[in-house]
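Take a look at the structure below.
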Amino acid sequence: MTLSILVFLASTWSTAHGAVQCDTYRLQKVLLVGTLHKISPERVNEVIPIAEAIRRFNPGVICIEYPIPGDTASVVWRGGAEAFEDTEKKRKAWNASSESAEAITSLQNDLREHPFDHKKRLELQQHYYLSHDLGNADYQGYLVFKQIDRDSRAEVVLREAFASYETLRSPFERGRWLNNEYHILVFPLAQDLSISYLYPIDDVSNWREIQKYHDRLQSPDTEDSIKVSYHERMNALKERMGSLPQETNQYILVNSPSFTQDMLIVQGYNIGSDSLNEDLRMRHHFWVLRNRKMAGYIDQVVRDHPEMNVAVFFGAAHIGAVREELKKLKPNYQVITLPDILD
């Protein structure tokens with residue numbers, strides 16, 4: 001099962017971004033919440049109690065499982081060796097300004113005054129896209145395409161005005177088809193909470209190594225008792241997930257302490273660097289590295305916004321690993337999980 005995690009953090013955010021300040025006498029909180037990258041249509045309503053609990057938590061800042069825009073290695077991983085060259089080709093083809101930072105600031109200010117200006121919002125999405133800030137590009141795309149979904153006239157106007165229209169609309173359609181966590185939970189929440197910018201905190205620079213050792217671990221090896229034990233744990237989890245009663249809320253399940261503990265083992269975090277099996281040892285190494293970097297990015301966002309509750313969304317498999325890595329940073333904020341805020 002493909003999973004995804006939401007981490008919610010407390011931090012200070014400028015009133016220009018629509019955040020609500022926390023009581024300065026309360027300890028700042030970081031909420032880790034697991035989500036699913038894809039959910040069947042008949043289970044979409046399972047996010048309702050999750051969304052309600054997060055609204056009560058009232059984050060002023062949201063972090064998301066998208067790569068840091070300035071992380072060259074992650075950009076190249078997603079876009080290939082010619083990612084930056086391809087971006088410049090698109091910029092020229094779309095006749096877009098090369099001054100994206102200035103344009104983004106200006107458009108953000110304009111949209112606070114005119115939130116339903118579809119052209120300006122699509123232009124903002126285009127600048128985020130060209131800046132490799134794909135999380136915020138997708139968020140702005142959600143906002144504009146959700147608004148014009150049944151407005152054929154507005155769609156015609158935007159299609160004629162932007163050569164980038166199909167490229168920018170594609171993530172919205174993919175999110176709707178998958179019912180992914182951003183389309184059904186994260187973006188609607190951010191909109192309801194009047195949060196205009198989402199903080200990317202992912203690092204995928206070593207994803208190929210993670211996938212390499214993950215794939216190698218899929219083949220059973222009856223000669224290696226360590227690997228046999230790992231497979232038994234993994235298969236037991238798959239069987240449990242495959243036999244869930246229909247009434248089970250999957251979002252609540254993947255945030256449960258027992259599931260988090262299972263993920264610490266299945267994903268390799270608790271395997272240990274001293275494992276005698278090389279595949280497990282290397283899987284552990286690269287998984288720890290990725291989650292350590294994510295925890296570092298999260299910690300920085302939280303410390304930059306000391307008076308706000310912050311929400312960070314990422315795959316459920318990250319909950320336990322990121323929580324452990326955050327503890328090592330000796331945080332002056334409280335790290336909690338979804339069960340702590342559900343009624």
Side-chain angles (χ1 to χ4, degrees), residues 4-36 44-66 108 111-112 115 135-136 138-140 142-143 146 180-202 249 251-252 254-257 260 294-295 297-316 318-319 322-323 326 329 331-343:
S4 141
I5 287 182
L6 284 173
V7 181
F8 279 60
L9 311 167
S11 88
T12 311
W13 187 231
S14 71
T15 54
H17 284 75
V20 181
Q21 291 190 347
C22 296
D23 183 342
T24 55
Y25 293 99
R26 288 188 296 151
L27 185 63
Q28 186 184 19
K29 291 184 175 64
V30 177
L31 174 63
L32 312 179
V33 182
T35 67
L36 301 166
V44 167
N45 287 341
E46 292 179 8
V47 305
I48 292 175
I50 311 303
E52 290 175 349
I54 294 168
R55 286 190 187 95
R56 291 193 299 271
F57 177 68
N58 196 26
V61 175
I62 287 178
C63 297
I64 52 177
E65 190 184 359
Y66 275 82
Q108 285 175 332
L111 284 165
R112 289 189 192 100
N136 284 287
D138 288 357
Y139 178 38
Q140 295 302 319
Y142 169 85
L143 294 176
K146 192 75 172 178
N180 69 21
E181 71 270 33
Y182 294 100
H183 193 86
I184 66 174
L185 180 62
V186 182
F187 294 159
L189 268 173
Q191 182 180 19
D192 289 349
L193 295 167
S194 299
I195 295 175
S196 61
Y197 186 80
L198 310 178
Y199 284 87
I201 49 83
D202 198 7
N249 186 313
Y251 266 75
I252 292 177
V254 300
N255 284 278
S256 66
T260 298
M294 294 175 81
Y297 290 139
I298 293 166
D299 181 74
Q300 188 59 58
V301 172
V302 179
R303 294 178 189 275
D304 286 346
H305 306 87
E307 295 177 2
M308 306 304 300
N309 281 336
V310 183
V312 184
F313 299 74
F314 53 24
H318 295 282
I319 294 174
V322 168
R323 182 175 59 190
L326 285 172
L329 298 176
N332 57 354
Y333 46 83
Q334 183 182 4
V335 179
I336 62 176
T337 57
L338 189 60
D340 295 316
I341 65 168
L342 286 172
D343 290 336

Please examine the side chains of [Y] and [X], heavy atoms only from C-beta on, and report whether any two atoms are closer than 4.5 Å.
X	Y	value
Thr337	Asp340	yes
Val302	Pro331	no
Leu185	Tyr251	yes
Ile50	Ile252	yes

Atom [atom1] in [X], atom [atom2] in [Y]: separation rounded to 0.5 Å?
X	Y	atom1	atom2	value
Lys146	His183	NZ	NE2	4.5 Å
Leu338	Ile54	CG	CD1	6.5 Å
Asn332	Leu27	CG	CG	7.5 Å
Glu65	Leu198	CD	CG	13.5 Å
Gln140	Leu111	CD	CG	7.0 Å
Ile298	Ile201	CD1	CD1	4.5 Å

Exercise for review: Show the numbers, then the answer: is there a side-chain contact (heavy atoms from CB on, under 4.5 Å) between Thr260 and Arg323?
Suggested key: CA-CA 10 Å; Thr260 298; Arg323 182 175 59 190; 3.8 Å; yes

Exercise for review: Determine whether the side chains of Asp299 and Tyr333 contain a donor N or O and an acceptor N or O closer than 3.5 Å.
Suggested key: yes

How close do [X] and [Y] get, heavy atom to heavy atom, and via which atoms?
X	Y	answer
Lys29	Asn309	N-OD1, 3.4 Å
Val254	Ile319	O-CD1, 3.8 Å
Ala53	Ile341	O-CD1, 3.6 Å
Val301	Cys63	CG1-SG, 3.7 Å

Practice item. Test Leu143 against Gln191 for side-chain contact (heavy atoms from CB on, under 4.5 Å), laying out the working first. Key: CA-CA 8 Å; Leu143 294 176; Gln191 182 180 19; 3.6 Å; yes

Review point. So, Tyr139 versus Tyr66, ring centres under 6.0 angstrom or not?
Key: no

Exercise for review: Ignoring hydrogens and angles, tell me if any N or O in the side chain of Asn136 forms a donor-acceptor pair with the backbone of Tyr197 under 3.5 Å.
Suggested key: no

Review point. Is the side chain of Asp138 donor-acceptor paired with the backbone N or O of Gly135 at a distance under 3.5 Å, no angle test?
Key: no

Review point. With under 30° as parallel and over 60° as perpendicular, where do the rings of Tyr142 and Phe187 fit, or are they tilted in between?
Key: tilted

Practice item. Verify side-chain contact (heavy atoms from CB on, under 4.5 Å) between Gln300 and Tyr199, making sure each step is shown before the conclusion. Key: CA-CA 11 Å; Gln300 188 59 58; Tyr199 284 87; over 6 Å; no

Review point. Run the side-chain contact (heavy atoms from CB on, under 4.5 Å) check on Met294 and Asp202 step by step: do they pass?
Key: CA-CA 5 Å; Met294 294 175 81; Asp202 198 7; 3.5 Å; yes

